[in-house]
Every structure is written in C-alpha cells, then in structure tokens.
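A note on names: the letters A, B, ... follow the listed sequences, proteins ahead of strands, and every chain is numbered from 1.
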There are 2 protein chains.
Amino acid sequence: MIRLTKQTDYALVLMTLIAASEPSEVQSATELAERARLPLPMAGKILKLLGREGLLVSQRGAAGGYRLAQGASETTVADIIRAMEGPIALTDCSSDSGAVCSLEESCPTCSTLRRVNRAVNDALEAITLAEMAGAKHEAREALSEPIA
Amino acid sequence: MIRLTKQTDYALVLMTLIAASEPSEVQSATELAERARLPLPMAGKILKLLGREGLLVSQRGAAGGYRLAQGASETTVADIIRAMEGPIALTDCSSDSGAVCSLEESCPTCSTLRRVNRAVNDALEAITLAEMAGAKHEAREALSEPIA
DNA sequence: CCATAGGGCACCGATTCGGTCCCATTTCGT
DNA sequence: ACGAAATGGGACCGAATCGGTGCCCTATGG
Ligand code: FES
Ligand code: FES
C-alpha cells in the first residue's frame, strides 16, 4: 500500500506540536500525548524512536521531555518518515540490492520506478516542519470562530 | 510503509510488457507470466484484477488473452496503482472520511499532508505506460553491450 | 466436443501493524 | 539521601494485510 503507517502519522503530529512551541523548552511525553489526543504509551514509543533517530533531543529525569534536535526548517517530512519506517522506497528493488530483481530482461521498472521514486522523495523532502507548524497556526486562526 | 505491494510491482511489469507489443494482439497470461518470470497463478490473478478494473480487455476462450483497454499514453502509473490497491492516500484521513481524525485541535496534518499527498499523486500521474515501455526499450539498447 | 484460456473466489502461512506493559536508568526536588 | 517524575529499551500479543496457490466455473476456437 502506498500509505504511511499510523505511527508515522502520529509522529508528524507530535513533531508539529513540538515545533510549534519554544525551541528551547522541553515538553514531556505526557503533555504531548494529551495535546495530540494519543494514548501515552503510543506517544512515548514514537517519541523514543524519534529521539533515537536523532530528530529529537531528550532530557531525562524529572521535568524532562523532548525538544527538536535541529531547527524546524531543517527537518523535512521525508526525514520523519525515514526515521519511522526506514528508507523511502516504493518497491523492493528501487533502492535496495537488485538481488531479488530481474523480473524481466532489462527490467522496465528499474529505470522508470526509480524516477517515480525520486519524484515522491522530492515531494516529501520539500515540506519542512516549519511549514507544517505554520500551516497549523493558520488553520487554527481560520477555525477559531467556527469552533468556538 | 510508503511502499507499493509486490503485486502492484508485478502489475507495472505486466502492463509494460503488454504495452510493448502490438496494441491489437492479445497476449495470454501464460505467455506474459513467462516473460515477466512470474508464476502463472500470480500473473493470472493480477491480470484478472487489471481486467476487472478496466485497464485491460480480456478475450476469453482458446487463443484468448489480454490487451490494453486504452492507449499506452492514456494510462498512468497512478491508474495502475489505484487499480491494484485502491485510492492513493498517504494517511487514513488525507482522503477518507474525517471521522477517525481530529488528532489535534485543527489537525495540522489535515492541511499539510493533503498537500504532500497531492504532490505524490501528481508525480505518479505524470508517468504514462507509454513512457515506461519506451524506457524499457531504451534501457535494453543501453544495456545490450555490457550485458552481452 | 474437447483443449485452451480467462473469471471468480476461497484459502493459508508469513509478515507487518497497532498498541500495551514492564522494568531499568536518569534527574529534579525536598 | 530519598522518592517522584520522566525517558530508554524491549518484549509481547491480537489483528490486519500480504504473497501466493488452487479449485471450479464459463467462454470459445478448432
Ligand atoms: S529488477 Fe526489479 S526494479 Fe529492476
Ligand atoms: S484530523 Fe487527521 S489529518 Fe486531519
């Protein structure tokens, strides 16, 4: 399926939330989970992973939490997806070893799918966390009346 | 995972094979399976699906087979993917009903992910079957020396 | 009338996904 | 010094999806 995992979806939401706050302050998993309307164990798992992958910096101990490892403009959607699900590749052979490949003489997908793959990659690479956080604020403004 | 199914991968190969032949002649599943180096049941299953989805026209009975339903230039990679795995949507809420959504107040992914989704969609929509078949021939030419 | 070829679908093992829980470790506050 | 608060790292399990095969039916050309 050409669909990202729910956990990746959650990761995007969480990253956006963190990016929308003061860059220097850490935010606890509990707090973030609440704001993202996610169960705490889930949010915790994802935040741990994002930390291990270097997208977040964690502060342990009481009053600990997470903050962005880089500026919001340096982190892209592609980064987050890669952190959660590994390298972005539409098919087995579009990036990995061509061992299982060779479905056809001079495999047609090799060239074309690689191009498609690159296009997708570029599209994901083009959106930064800063843009997402910005879009959120705009949306919140736009919705402030209808919701309230 | 942002990855298409193996069956979809196979479908792309099969479609490319069909597109590379005379548009009026039908080709049997057996023949295509052989050329794609796929087990016959698999190829059959995929071809049936592609036929049901309207991308291929089937000729039943002895000497039957498949041919393209439209010109190779009218069929895109996105069409094939949609035929195999349904609508192209990166997340649950980026196209379906927003029922399960609302992960956050004025959900941030709603706006941004939809944009990403569109970019991916466009990228897939941009590649036609004719291009794939063409690329295959070019690749075959380019590889004729190094392989032999 | 029979061999050939597609149509439809059920089925099964293997993998992945979604989510929870537990326990160890670190650190702040008292 | 001690305990509460928080992250770190996995193990774990039910559910869904994937990859692939097989069976039986229908259509059709010779
Ligand atoms: S052999 Fe599989 S993509 Fe080239
Ligand atoms: S609520 Fe999920 S994408 Fe908007």
Side-chain angles (χ1 to χ4, degrees), chain A residues 1-14 18 25-34 36-67 69 81 83-86 89-93 100 103, chain B residues 1-14 18 25-34 36-67 69 81 83-86 89-93 100 103:
Chain A
M1 213 113 70
I2 198 165
R3 174 174 241 149
L4 26 72
T5 303
K6 286 209 173 187
Q7 292 190 10
T8 307
D9 192 356
Y10 300 159
L12 290 170
V13 175
L14 290 170
I18 298 176
E25 281 185 15
V26 297
Q27 301 183 70
S28 72
T30 311
E31 189 179 358
L32 289 167
E34 213 165 288
R37 311 221 195 297
L38 284 177
L40 177 57
M42 249 293 109
K45 180 183 191 175
I46 295 166
L47 290 167
K48 286 175 217 170
L49 222 178
L50 290 172
R52 212 181 315 170
E53 294 295 323
L55 294 185
L56 291 178
V57 172
S58 63
Q59 174 62 44
R60 300 183 64 169
Y66 298 90
R67 63 178 174 81
I81 295 181
M84 296 299 298
E85 353 190 303
L90 284 186
T91 66
D92 287 333
C93 31
V100 208
L103 285 174
Chain B
M1 210 113 70
I2 196 166
R3 174 175 240 146
L4 24 71
T5 303
K6 285 207 173 187
Q7 291 189 13
T8 308
D9 192 358
Y10 300 159
L12 290 170
V13 175
L14 290 170
I18 298 176
E25 281 187 13
V26 298
Q27 301 182 70
S28 71
T30 311
E31 189 179 358
L32 290 167
E34 212 165 290
R37 312 221 195 296
L38 285 177
L40 177 56
M42 249 293 109
K45 179 184 191 174
I46 295 165
L47 290 167
K48 286 176 214 170
L49 222 178
L50 290 171
R52 211 181 314 170
E53 293 295 323
L55 294 185
L56 292 177
V57 172
S58 63
Q59 173 62 42
R60 300 183 62 168
Y66 297 90
R67 63 179 174 81
I81 295 181
M84 295 299 297
E85 356 191 301
L90 285 186
T91 66
D92 288 333
C93 31
V100 209
L103 286 174

Is there, by distance only and without an angle test, a donor paired with an acceptor across the side chain of A:K45 and the base of C:dG19 below 3.5 Å?
yes
Expressed in angstrom and rounded to an integer, what is the separation of A:L50 atom CG from D:dG8 atom C1'?
14 Å
Measuring from the side chain of A:A62 (C-beta onward, heavy atoms only), which nucleotide among C:dG19, D:dG9, D:dA4 has the closest atom?
D:dA4
Could you check whether A:G65 gets within reach of a base, just the sugar-phosphate, or nothing at all, counting any heavy atom under 4.0 Å?
sugar-phosphate
So, taking the atom named CG in B:D9 and the one named CG in B:L4, what distance separates them when rounded to the nearest 0.5 Å?
6.5 Å
Nearest-0.5 Å distance, CD1 of residue B:I18 to CG of residue B:L47
5.5 Å
Assign B:Q59 to base, sugar-phosphate, or nothing according to its heavy-atom contacts below 4.0 angstrom with the strands shown.
sugar-phosphate
Mark yes or no for a side-chain to base donor-acceptor pair under 3.5 Å between B:K6 and D:dG19, with no hydrogen or angle criteria applied.
no
Where the side chain of B:K48 is defined as all heavy atoms beyond and including C-beta, which of C:dA3, C:dC28, D:dG22 is the nearest nucleotide?
D:dG22
Selection from C:dG7, D:dG19, D:dT7 that lies nearest to any side-chain heavy atom of B:T5:
D:dG19
Among the nucleotides D:dT7, D:dG19, D:dG10, which one has an atom lying closest to any side-chain atom of A:R52?
D:dG10
Judged by each residue's nearest nucleotide on DNA chain C, which is more toward the 5′ side, B:G51 or A:L40?
B:G51
Side chain of B:Y10 only, please: which of D:dT7, C:dT20, D:dG20 is the nearest?
D:dG20
From CA spacing to verdict: side-chain contact (heavy atoms from CB on, under 4.5 Å), B:K45, B:Q7
CA-CA 9 Å; B:K45 179 184 191 174; B:Q7 291 189 13; 3.7 Å; yes
At 4.0 Å (heavy atoms only), tell me whether B:G61 reaches a base, stays on the sugar-phosphate, or touches nothing.
base
Measure from the side-chain heavy atoms of A:P41 and tell me the nearest of C:dA5, D:dC18, C:dC21.
C:dC21
Looking only at heavy atoms, which two atoms of B:E25 and B:R67 are closest? And how far apart?
O-CB, 3.8 Å
Suppose we call a contact any N or O donor and acceptor under 3.5 Å apart; does that hold for the side chain of B:R60 and the base of D:dT28?
no
